[in-house]
Amino acid sequence: MKSTWFYILVFIAAWAHAQVEFTTSVSRERIALNERMRVEFKMNVNGNDFTPPNFVGFQVVGGPSQSFSQQWINGKGSMTKSFTYILKPNKTGKQYIKPATMNYEGKTYSTQTVEINVTGAVNKPKNINDTSPRADETVHLVAEISNANPYLNEAIRVVYKLYVSNTSGVNDWREVNSPKYADFWSDNIDNRNSLVKEGTYKGKPYRYKVLREAILYPQKTGKLIIEPLTLEVDVVVPTGQRSFTGRPYMTTEQITVSAGKRTIDVKDLPLDGRPANFNGAVGQFEFQVETDQVQIEAGESMTASVQVGGVGNLKLMDLPELKAPKSLEVYEPERINNVRTSITGMRGNIKDKYTIVPQYGGKYVIPPVEFSYFDPKKESYVSLNSGEILLQVEGDVAAPIATTENKNVITQNNQFVFIKTDTELTSQNEEQFFGSTKYWITLGGIFLLLPLFLIVKKRKESRAADVVGNRLRNANKLSKKYLSTARKNLGNHEEFYVALEKSLHNYLKSKLSISTSEMTKNNVGQLLLDRGATVQTKQEFIKLLESCEFARYTPSTPASMREDYEKASQVLNLIDKQLKS
């Protein structure tokens with residue numbers, strides 16, 4: 001019996017020891033530099049040797065004040081012992097109330113660390129006894145990123161949420177700065193009818209509303225910045241005073257909140273296992289090539305389609321080209337776009353629709369078409385093959401029937417239409433050319449011009465044998481041609497930038513004697529400097545190349561296209577003058 005009471009007493013002592021509570025509470029977790037706050041260290045046992053923290057970053061302007069209370073309820077006793085300090089912050093930023101310590105029954109106990117956010121001074125400091133929340137403590141704007149480390153051209157989702165605590169409300173908000181998505185292809189998602197939902201912010205209950213959603217496809221590798229969304233918000237907060245019925249008085253304050261910049265670290269697509277026909281498709285896709293008929297008469301038209309469907313960068317990819325035998329006349333394809341943007345990215349399909357007209361009868365094989373894409377979920381490349389299509393063509397196209405023009409048609413009223421009414425008489429005394437003065441002058445001229453002809457012929461042969469020189473001269477001609485094409489397409493966004501980029505690439509080939517594989521930005525920049533171009537000219541040319549690459553995936557105004565065209569003309573003229581021959 002004695003041993004039973006012994007164990008009971010040990011259990012009660014252990015239970016009492018386990019129930020020791022020693023905590024830190026603050027009057028507010030966010031405070032202005034010219035305000036004061038209350039810090040209370042509270043224990044539920046009569047501990048000894050209480051030691052406060054050093055209060056680094058704060059000045060003690062009151063305390064410590066000690067209180068002790070004890071009460072009995074239904075035969076159970078409880079006690080509270082506390083030490084209270086009044087603090088004033090010395091500097092802004094994140095400050096910390098470090099742990100206090102005390103001893104109880106030979107054991108040392110510590111409180112938790114509390115974080116305090118100190119802001120700049122305010123015009124109307126709060127009373128220390130006013131525990132109502134500040135407006136900027138109850139509203140938070142957050143940018144949530146679905147994936148901060150995506151692959152190139154992999155879709156990521158950015159969601160802007162406005163969190164509002166349950167002790168306050170929001171009347172209205174206005175955008176001060178809209179988010180900017182440089183180096184991303186972006187598409188906003190319509191969420192005008194989104195509802196207010198319940199959630200948590202830093203572990204506390206909040207309400208929130210989704211203000212913006214966007215799907216982004218990174219177009220460059222490395223660290224890319226998403227500029228922040230900034231709002232002016234009208235916040236309704238309690239004043240700390242109440243009416244005679246007990247209802248709190250409310251006031252409206254205007255604050256500015258920002259989601260802050262976000263950094264996205266974009267990975268390049270792996271080189272290991274990359275198919276030769278890979279053309280930048282990233283996602284999960286299905287691929288098919290089909291014809292509307294496999295048996296047709298010669299001269300009739302049929303349709304063949306190359307289609308890719310699924311989820312991924314559908315609007316940013318090129319479809320593989322359909323190849324057909326030369327006896328089948330294939331026209332330029334019509335692009336059919338059936339793509340929509342949802343919270344998972346672009347979804348749907350794109351199709352190139354070809355019109356084919358066979359000219360002769362026989363059996364024809366349309367060779368297989370291959371399509372490759374990168375699957376970011378599997379982190380590997382996938383190659384799909386359509387298989388060949390057998391086409392049976394019956395008959396041949398009839399030769400066109402010759403038709404006479406109206407002037408050769410004989411009617412009853414015009415029977416003499418082919419009888420000539422004009423004469424062409426020649427003189428019988430006309431001098432013969434052979435043996436005449438003109439004959440000998442012409443013959444002598446031919447002998448005199450023969451050496452010149454030989455020289456010209458030799459130069460042409462030498463020029464034809466100069467493969468590298470011809471390639472460079474052709475590149476220079478193409479550069480001028482594409483620059484002219486870009487000028488004609490001012491106002492046509494895609495055609496303009498395609499032509500301008502081709503013009504710059506062919507110019508580099510002709511001036512720097514390099515191939516397409518050597519055309520990296522670092523290599524081009526170094527070659528320009530080595531050949532005598534200034535650093536500024538080199539930078540402007542590289543910037544122009546980057547502008548063309550970026551502009552192909554973002555909308556542009558006619559004014560910006562004209563500015564890029566004029567800039568290209570100026571930079572090319574500068575390089576012509578600066579480069580050493």
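Please read all numbers here as calculations on a predicted model, not as lab measurements.
Checked by atom type, the side-chain pair Asn153/Gln219 shows a donor-acceptor distance below 3.5 Å.
When atom types are taken as modelled, the side chain of Asn177 and the backbone of Glu227 share no donor-acceptor pair closer than 3.5 angstrom. Formation of a donor-acceptor pair under 3.5 Å by the Tyr217 side chain with backbone atoms of Gly312 is found in this model. Between the side chain of Thr534 and the main chain of Thr537, a donor-acceptor pair closer than 3.5 Å is present. Within the 3.5 Å criterion, the main-chain N or O of Val339 finds a donor-acceptor partner in the side chain of Asn337. Put simply, the side chain of Asn149 gets close to the backbone of Asp265: a donor and an acceptor are under 3.5 Å apart. Using modelled atom types, no side-chain atom of Asn338 and backbone atom of Asn349 make a donor-acceptor pair closer than 3.5 Å.
Contact check for Leu529 versus Val535: side-chain heavy atoms found under the 4.5 Å cut-off. Proximity of Thr138 to Val164: side-chain heavy atoms (C-beta onward) are nowhere separated by under 4.5 Å. Looking at heavy atoms from C-beta onward, Gln288 lies out of side-chain contact with Phe371 at the 4.5 angstrom threshold. A heavy-atom distance below 4.5 Å is not found between the side chains of Val294 and Leu390. In this structure, Gln112 and Val114 have side chains that are in contact, with non-hydrogen atoms separated by less than 4.5 Å. Contact of the Glu388 side chain with the Pro368 side chain is registered, since non-hydrogen atoms from C-beta on lie closer than 4.5 Å. Looking at heavy atoms from C-beta onward, Phe184 lies in side-chain contact with Ile156 at the 4.5 angstrom threshold. Inter-residue side-chain proximity for Trp173 and Leu211 is flagged as met; some heavy-atom pair is nearer than 4.5 Å.
The minimum heavy-atom distance between Pro218 and Leu152, with the atom names listed, is O-CD1, 3.6 Å. Taking every heavy atom of both residues into account, Tyr331 and Tyr354 meet most closely at O-CD2, 3.6 Å. Scanning all heavy atoms of the two residues, the minimum distance from Leu314 to Arg347 falls at CD1-C, 4.0 Å. Residues Leu319 and Val306 approach most closely at CD1-O, 3.5 Å, considering heavy atoms. Minimum heavy-atom separation, Ala281 to Met317: CB-CE, 3.6 Å. The minimum heavy-atom distance linking Glu290 with Ile389 is given by the pair CA-CD1, 4.3 Å.
Stacking of Lys267 on the aromatic ring of Tyr151 is recorded, both the 6.0 Å distance cut-off and the 45° axial limit being met.
Between Glu334 and Lys353 there is no salt bridge, since none of the side-chain N atoms of the basic residue sits less than 4.0 Å from a carboxylate O of the acidic one. For the pair Glu175 and Arg212, the salt-bridge criterion is met [side-chain N within less than 4.0 Å of a carboxylate O].
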Inset, instruction - Would you sort out whether Ile145 and Ile226 count as a side chain to side chain contact (heavy atoms under 4.5 Å, CB included), showing the intermediate values? - result: CA-CA 10 Å; Ile145 306 294; Ile226 297 179; 4.1 Å; yes
Inset, instruction - Could you walk me through whether Met37 and Glu35 pass side chain to side chain contact (heavy atoms under 4.5 Å, CB included), step by step? - result: CA-CA 7 Å; Met37 61 180 289; Glu35 293 180 328; over 6 Å; no
Legend entry - side chain to side chain contact (heavy atoms under 4.5 Å, CB included) between Ile116 and Ile97, intermediate numbers included: CA-CA 7 Å; Ile116 307 296; Ile97 305 297; 4.0 Å; yes
Legend entry - Residues Asn117, Lys94; criterion side chain to side chain contact (heavy atoms under 4.5 Å, CB included); working and verdict: CA-CA 5 Å; Asn117 289 313; Lys94 289 184 179 181; 3.2 Å; yes
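Using cut-offs of 30° and 60° on the angle between ring planes, the pair His140 and Tyr201 is parallel.
Between the OG1 atom of Thr119 and the CZ atom of Arg30 there is a distance of 5.5 Å, given to the nearest 0.5 Å. For the atom pair CD1 of Ile356 and CD of Glu300, the computed distance is 14.0 Å after rounding to the nearest 0.5 Å. Atom OG1 of Thr230 is separated from atom CG of Leu141 by 7.5 Å, given to the nearest 0.5 angstrom. In this structure, OG in Ser327 is found 11.0 Å from CG in Leu391, a value given to the nearest 0.5 Å. Here the straight-line distance linking atom OH of Tyr381 with atom CG of Leu269 works out to 4.5 Å at 0.5 Å rounding. Expressed to the nearest 0.5 Å, how far CG of Leu231 lies from CG of Leu162 amounts to 6.5 Å.
The 12-atom threshold is not exceeded at CD of Glu563, counting heavy atoms of other residues, nucleotides or ligands nearer than 6.0 Å. Under a cut-off of 6.0 angstrom, the local environment of CZ in Arg274 is crowded, with over 12 non-hydrogen atoms contributed by other residues, nucleotides or ligands. For Lys315, the NZ atom sits in a packed shell: over 12 heavy atoms of surrounding residues, nucleotides or ligands are nearer than 6.0 Å.
Among the candidates Arg262, Arg157, Lys161, the single residue satisfying the side-chain hydrogen bond (donor to acceptor under 3.5 Å, both in side chains) test with Glu144 is Lys161.
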